**Q** 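Dropping the structure in here first, questions after.
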Amino acid sequence: MRKYLFSEKQHSKKGANWTYEEDQKLIDYIKIHGEGNWRTLPKAAGLQRCGKSCRLRWINYLKPDIKRGNFGEDEDDLIIKLHALLGNRWSLIAGRLPGRTDNEVKNHWNSNLKKKLINMGINPNNHRVNQTPIRPKQDPSEEEEEEESVNSSS
DNA sequence: AAGGCTGTCAACCGCACGTCT
DNA sequence: AAGACGTGCGGTTGACAGCCT
């Protein structure tokens with residue numbers, strides 16, 4: 001878990017990590033008034049953030065029913081299956097995984113599952129088994145050529 | 001020990017869509 | 001019908017931590 005930071009960036013708030021105080025303000029406000037009205041919420045809650053940021057922070061991090069921690073094997077399998085069916089519809093995929101958010105699923109896919117599929121010889125874009133076996137890359141230019149051939153074949 | 005590299009994840013941005021007037 | 005506004009979604013970025021050399 002990342003620590004709360006106090007950088008110069010926080011003067012403008014944009015791009016700055018949320019502080020404990022900001023989180024508390026948001027939680028308290030939503031406890032009382034409920035979700036919604038994201039445009040007016042920051043001002044009403046005394047936050048120097050845009051509504052979008054508040055919504056994202058709540059949905060991805062502060063919501064009480066969020067399940068945090070590692071994805072299990074069964075969750076991985078489910079995500080792979082759902083991605084094959086739905087494509088990059090992360091919110092739909094996350095909807096099938098209780099306690100998981102679209103952002104979390106998307107990050108997990110990009111950092112873990114994509115590689116997992118590639119190692120298994122499966123194209124993560126179309127979930128088709130590659131004809132040619134995976135071999136270690138020797139020359140960076142080979143990678144570009146491979147990419148081009150994938151693009152041209154789709 | 002230190003500097004570079006890579007992986008992870010929170011957060012932002014831009015666009016699309018739905019609703020309201 | 002169409003423009004304004006609010007919200008949701010997916011792609012991308014940036015910062016940090018840990019590993020490697």
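Numbers restart at 1 for each chain; the letters A, B, ... are given by sequence-line order, proteins then strands. Being a predicted model, the structure only gives us computed values, none of them experimental.
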**Q** NA contact type, Asn37(A), heavy-atom cut-off 4.0 Å: base, sugar-phosphate, or nothing?
**A**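 Since only primed, P, OP1 and OP2 atoms lie under 4.0 Å of Asn37(A), the category is sugar-phosphate.
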**Q** Salt bridge (charged side-chain N to carboxylate O under 4.0 Å, His left out) with Lys81(A): which residues, sequence neighbours excluded?
**A**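 Counting only residues at least two positions away or on another chain, Lys81(A) forms no salt bridge (charged side-chain N to carboxylate O under 4.0 Å, His left out).
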**Q** Measure from NE2 on His108(A) to P on dG7(B) and round the result to the nearest Å.
**A**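 For the pair His108(A) NE2 and dG7(B) P, the rounded distance is 15 Å.
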**Q** Rounded to the Å, how far apart are Ile59(A) CD1 and dA10(B) P?
**A** 14 Å
**Q** For dA10(B), take OP1 and OP2 only and decide whether either is under 4.0 Å from a side-chain N or O of Arg57(A).
**A**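 For Arg57(A), the contact criterion (side-chain N or O under 4.0 Å from OP1 or OP2 of dA10(B)) is not met.
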**Q** Looking at Asn88(A), I'd like to know whether one of its side-chain N or O atoms comes within less than 4.0 Å of OP1 or OP2 on dG11(C).
**A** yes
**Q** Please work out if Asn107(A) contacts a base, only the sugar-phosphate, or nothing of the nucleic acid, heavy-atom cut-off 4.0 Å.
**A**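 Since a base atom lies under 4.0 Å of Asn107(A), the category is base.
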**Q** To the nearest Å, give me how far apart NZ (Lys106(A)) and P (dT13(C)) are.
**A**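 It is 13 Å, rounded to the nearest whole Å.
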**Q** Is there a side-chain contact between Ile93(A) and Leu86(A) in this structure, where contact means two heavy atoms from C-beta onward sitting under 4.5 Å apart?
**A**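 Answer yes - side chains close enough.
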**Q** Please tell me if Asn112(A) has a side-chain N or O lying less than 4.0 Å from either OP1 or OP2 of dT8(B).
**A** yes
**Q** May I ask you to evaluate whether Arg55(A) reaches the phosphate of dC9(C), defined as a side-chain N or O under 4.0 Å from OP1 or OP2?
**A**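 Yes.
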**Q** Taking the six-membered ring for Trp, are His108(A) and Phe71(A) parallel (under 30°), tilted (30 to 60°) or perpendicular (over 60°)?
**A** parallel
**Q** Would you say a side-chain N or O of Trp90(A) is under 4.0 Å from OP1 or OP2 of dG11(C)?
**A**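 Yes, within the criterion.
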**Q** Whole angstrom is fine here: how far is it from CD in Glu35(A) over to C1' in dG8(C)?
**A** 13 Å
**Q** Which whole-number value in Å describes the distance from Tyr61(A) OH to dA11(B) C1'?
**A** 12 Å
**Q** Check this for me: Lys67(A), atom NZ, are more than 12 non-hydrogen atoms of other residues, nucleotides or ligands nearer than 6.0 Å?
**A**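 Yes, NZ of Lys67(A) has more than 12 neighbouring heavy atoms, counting only those of other groups under 6.0 Å.
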**Q** Do Tyr29(A) and Trp58(A) share a hydrophobic cluster, counting only Ile, Leu, Val, Met, Phe, Trp and Tyr and linking them when any side-chain heavy atoms are less than 4.5 Å apart?
**A** yes
**Q** So, does Lys114(A) use its side chain to make a donor-acceptor pair with the main chain of Pro124(A) at under 3.5 Å?
**A**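 Pair absent, no side-chain N/O of Lys114(A) close to backbone of Pro124(A).
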**Q** Please tell me which of the listed nucleotides, dT7(C), dT8(B), dC12(B), lies nearest to the side chain of Arg39(A)?
**A** dT7(C)
**Q** Specify the separation, in whole Å, of atom NZ of Lys114(A) and atom P of dT6(B).
**A**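 Lys114(A) atom NZ is separated from dT6(B) atom P by 17 Å.
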**Q** Starting at atom CG of Asp102(A), determine the distance to atom P of dA10(B), rounded to an integer number of angstrom.
**A** 12 Å
**Q** Within the pair Ser53(A) and dA11(B), is there a side-chain N or O less than 4.0 Å away from OP1 or OP2?
**A**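 No.
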**Q** Would you mind reporting whether Asp102(A) and Asn60(A) have side-chain heavy atoms less than 4.5 Å apart?
**A** yes
**Q** Out of dG7(B), dG8(C), dC9(C), which has the shortest distance to the side chain of Ser91(A)?
**A** dC9(C)
**Q** Rounded to whole angstrom units, what separation is found between the CG atom of Asn103(A) and the C1' atom of dG14(C)?
**A** 14 Å
**Q** Pick out which of Leu47(A), Ile30(A), Thr19(A) makes a side chain to side chain contact (heavy atoms under 4.5 Å, CB included) with Lys25(A).
**A** Leu47(A)
**Q** Which letter, B, S or -, goes with each nucleotide of nucleotides 15-21 of chain B from 5' to 3', with contact meaning a protein heavy atom under 4.0 Å?
**A** B------
